[in-house]
Amino acid sequence: MERPALEGIRVIDLTTFLSGPSATQLLGDLGADVIKVEALGGDSSRSIVGPELDGDSAYYLANNRNKRSIAVDLKLPRGRDVVKGLIAGADVVIENFRPGVTTRLGLVPEQIVEEHPALIWASISGFGQEGPWRDRPAYDMVVQALSGVMSLNGHAGSPAARLGIPAGDVVAGLYAVIGILGALHARGESGRGRIVDVSMLRGQLAMLSYQALYTNLNGVAPGPQGAAHDSIATYRSFRGGDGREFVVTANTPRMWEDLCRVVGLDELIVDERFVDAATRLHNREALSDILEARIAERPAAEWVGLLTAASVPVAAVKNVLEALEDARTADDGSLVTVGNEMVEFENVAMPIRFVGTADVEPGYPPALGEDSDDILRTELGLTDEEIAALVTDGVVGVPAAVSITT
């Protein structure tokens, strides 16, 4: 059995909220040792309003498994010294402060990488480390709006809608991980690290995919996509007679013909208005009227069953509760149970699988400063007296239940 892919890689996590923590959780899932450095008041996501468990918000719990936590006041010189000491023994540093904040704190990426040539420093920000918008604050919906993503979401005639998932944050986190992995690979050959700069806005622009090129070539901004496709007339949703929705993605000639046969409209196959993809797209409104009228005659589940049997790509539109129950029933590793001595919860697992590789046992998201004492002792070699002084002077935080004795 092979060891986890990133076992032996140490990551210093200076991130907060979502984009950075989602990235470092993935690195931890891949086997990296992630040391989460938090302010004495903790990651701000710990107190997001919503469901909570054992004093922490579900928002925090969703993005912070497989990490150790140390609470440090980075505004104090001794606090920065602690973090610099941890960085000296690390492979990767990742942060998502606004550009310039780490420099003001005395943690200048260029200087630190010069002092530690093998170190990889990854920065996630709203608009990148350079450019006219670098100093603007950014959150998920801000970059969804600026990128054009929100203009594509929703239905025609309705206001622009934010994607119901935090795509601006999570996509930036994914690109940060990709950059870090690329830098680790390059370091294996050169021995030198890199500075990685990831912009949330650039991440959303990249997600436009073909819509960006369509727009550049046509000079026309696409409108809300609803549950349809700009290029494929039979790539869309339908509503069955029971009101439930399902989607069909009949995007090849064979799938189109089988769709017609399943719904009992064989004559459409030879109808000159619909003989190929181009004519179907040109006459999509007429085609929609015909298909929608027929599909309204039966419940959605019946159509899903019939189309599945005919190998036409189809799926019921599930809500999140239904989707998670499907994953639970499948029992294919899509969900993972994370627990400690007191509580546990079920969450979505890392989607990457390595054949013949040991799984990383999911570690419960750490309490604020839960590992401060152990990290200072084992990673920096501090004595009981030195640790006690840092805690007493408010440089480092430990859980209230932990007492540091000299």
Side-chain angles (χ1 to χ4, degrees), residues 4 6-48 53-75 79-97 101-102 105 107 112 119-124 169-170 172-173 176-177 180 338 340 345 347 350 360-380 387 390-391 395-400 402:
L6 293 184
E7 186 175 299
I9 298 297
R10 175 162 295 165
V11 178
I12 305 303
D13 177 4
L14 302 178
T15 70
T16 185
F17 227 81
L18 183 50
S19 62
S22 68
T24 51
Q25 175 169 274
L26 179 53
L27 294 171
D29 286 344
L30 289 169
D33 174 21
V34 179
I35 298 178
K36 182 178 180 68
V37 179
E38 301 188 64
L40 298 187
D43 185 327
S44 55
S45 71
R46 287 182 180 271
S47 58
I48 293 290
L53 186 64
D54 199 28
D56 281 317
S57 74
Y59 196 106
Y60 166 79
L61 295 174
N63 294 286
N64 286 284
R65 66 174 173 256
N66 293 330
K67 303 178 186 181
R68 297 189 284 163
S69 170
I70 180 172
V72 181
D73 189 343
L74 278 171
K75 295 179 181 178
R80 292 193 290 274
D81 288 342
V82 167
V83 173
K84 287 178 179 179
L86 294 174
I87 289 173
D91 299 282
V92 178
V93 175
I94 179 168
E95 54 90 8
N96 64 343
F97 294 109
V101 170
T102 55
L105 289 171
L107 301 172
I112 290 177
L119 182 71
I120 293 159
W121 183 290
S123 297
I124 302 173
D169 285 307
V170 173
V177 171
I180 288 167
V338 183
N340 58 22
F345 63 89
N347 198 16
M350 178 185 70
V360 174
E361 188 69 24
Y364 195 89
L368 176 60
E370 177 180 333
D371 307 288
S372 293
D373 181 74
D374 180 63
I375 291 170
L376 293 171
R377 195 180 306 277
T378 60
E379 310 306 335
L380 299 184
I387 295 171
L390 290 173
V391 173
V395 178
V396 170
V398 295
V402 176

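Values below: all heavy atoms of this structure, side chains included; hydrogens, waters and symmetry mates excluded.
The residue from Asp54, Asn64, Asp56 that alone fulfils the side chain to side chain contact (heavy atoms under 4.5 Å, CB included) condition with Pro365 is Asn64. Checking each of Val34, Asp33, Val37 against Arg68 for a side chain to side chain contact (heavy atoms under 4.5 Å, CB included) leaves exactly one that passes, namely Asp33.
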Please tabulate, for side-chain N and O atoms in residues 82-91, each donor-acceptor pair with protein atoms closer than 3.5 Å (sequence neighbours left out).
residue, atom, partner, partner atom, Å
Asp91, OD1, Arg187, NH1, 3.2
Asp91, OD1, Arg187, NH2, 3.0
Asp91, OD2, Arg10, N, 2.8

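Remark: Asp43 engages Lys36 in a salt bridge (Lys or Arg N to Asp or Glu O under 4.0 Å) (not counting sequence neighbours). Residues that satisfy the salt bridge (Lys or Arg N to Asp or Glu O under 4.0 Å) test with Asp371, not counting sequence neighbours, are absent from this structure.
Rounded to the nearest 0.5 Å, atoms CD1 (Ile375) and CD1 (Ile12) are 8.0 Å apart. Arg377 CZ to Ile387 CD1: the interatomic distance, rounded to the nearest 0.5 Å, is 4.0 Å. Note that CD1 of Ile70 is 12.5 Å distant from CD of Glu370, once rounded to the nearest 0.5 Å. Taking OG from Ser45 and CG from Leu61, the interatomic distance works out to 9.0 Å, rounded to the nearest 0.5 Å. Here CD1 of Ile94 is found 4.0 Å from CD1 of Ile180. Values are rounded to the nearest 0.5 Å.
Ser57 and Ile48 get closest at one heavy-atom pair: CB-O, 3.3 Å. Between Val338 and Pro362 the shortest heavy-atom distance is CG2-CB, 3.9 Å. Between Val398 and Ser372 the shortest heavy-atom distance is CG1-CB, 3.8 Å. Contact detail for Ser19 and Ser22: the closest heavy-atom pair is O-OG, 2.9 Å. Heavy-atom minimum distance, Leu14 versus Asn96: O-OD1, 4.2 Å. Contact detail for Gly41 and Leu368: the closest heavy-atom pair is C-CD2, 3.9 Å.
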Begin from the C-alpha positions of Ile112 and Val93 and carry the test side chain to side chain contact (heavy atoms under 4.5 Å, CB included) through to its verdict. CA-CA 10 Å; Ile112 290 177; Val93 175; 5.8 Å; no
Please walk me through it: do Asn63 and Phe17 pass side chain to side chain contact (heavy atoms under 4.5 Å, CB included)? CA-CA 9 Å; Asn63 294 286; Phe17 227 81; over 6 Å; no
What verdict does the side chain to side chain contact (heavy atoms under 4.5 Å, CB included) test give for Ile120 and Val92, after you've listed the backbone C-alpha separation in whole Å, the side-chain angles of each residue and the deciding distance to 0.1 Å? CA-CA 5 Å; Ile120 293 159; Val92 178; 4.2 Å; yes
What's the verdict on salt bridge (charged side-chain N to carboxylate O under 4.0 Å, His left out) for Glu38 and Lys67, showing C-alpha distance, side-chain angles and the deciding distance? CA-CA 12 Å; Glu38 301 188 64; Lys67 303 178 186 181; over 6 Å; no
Start with the C-alpha distance between Asn347 and Arg65, add both sets of side-chain angles, then the distance that settles side chain to side chain contact (heavy atoms under 4.5 Å, CB included), and finish with yes or no. CA-CA 10 Å; Asn347 198 16; Arg65 66 174 173 256; 3.8 Å; yes
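Counting heavy atoms from C-beta on, the side chains of Leu6 and Leu27 come closer than 4.5 Å. The shortest distance between side-chain heavy atoms of Ile124 and Thr15 does not fall below 4.5 Å. For the pair Leu30/Ile9, no side-chain contact is recorded, criterion being any heavy-atom separation below 4.5 Å from C-beta on. The closest side-chain heavy-atom distance from Phe97 to Thr16 is not below 4.5 Å.
Looking at Asn66, its side chain does come within 3.5 Å of a backbone N or O of Gly363 through a donor-acceptor pair.
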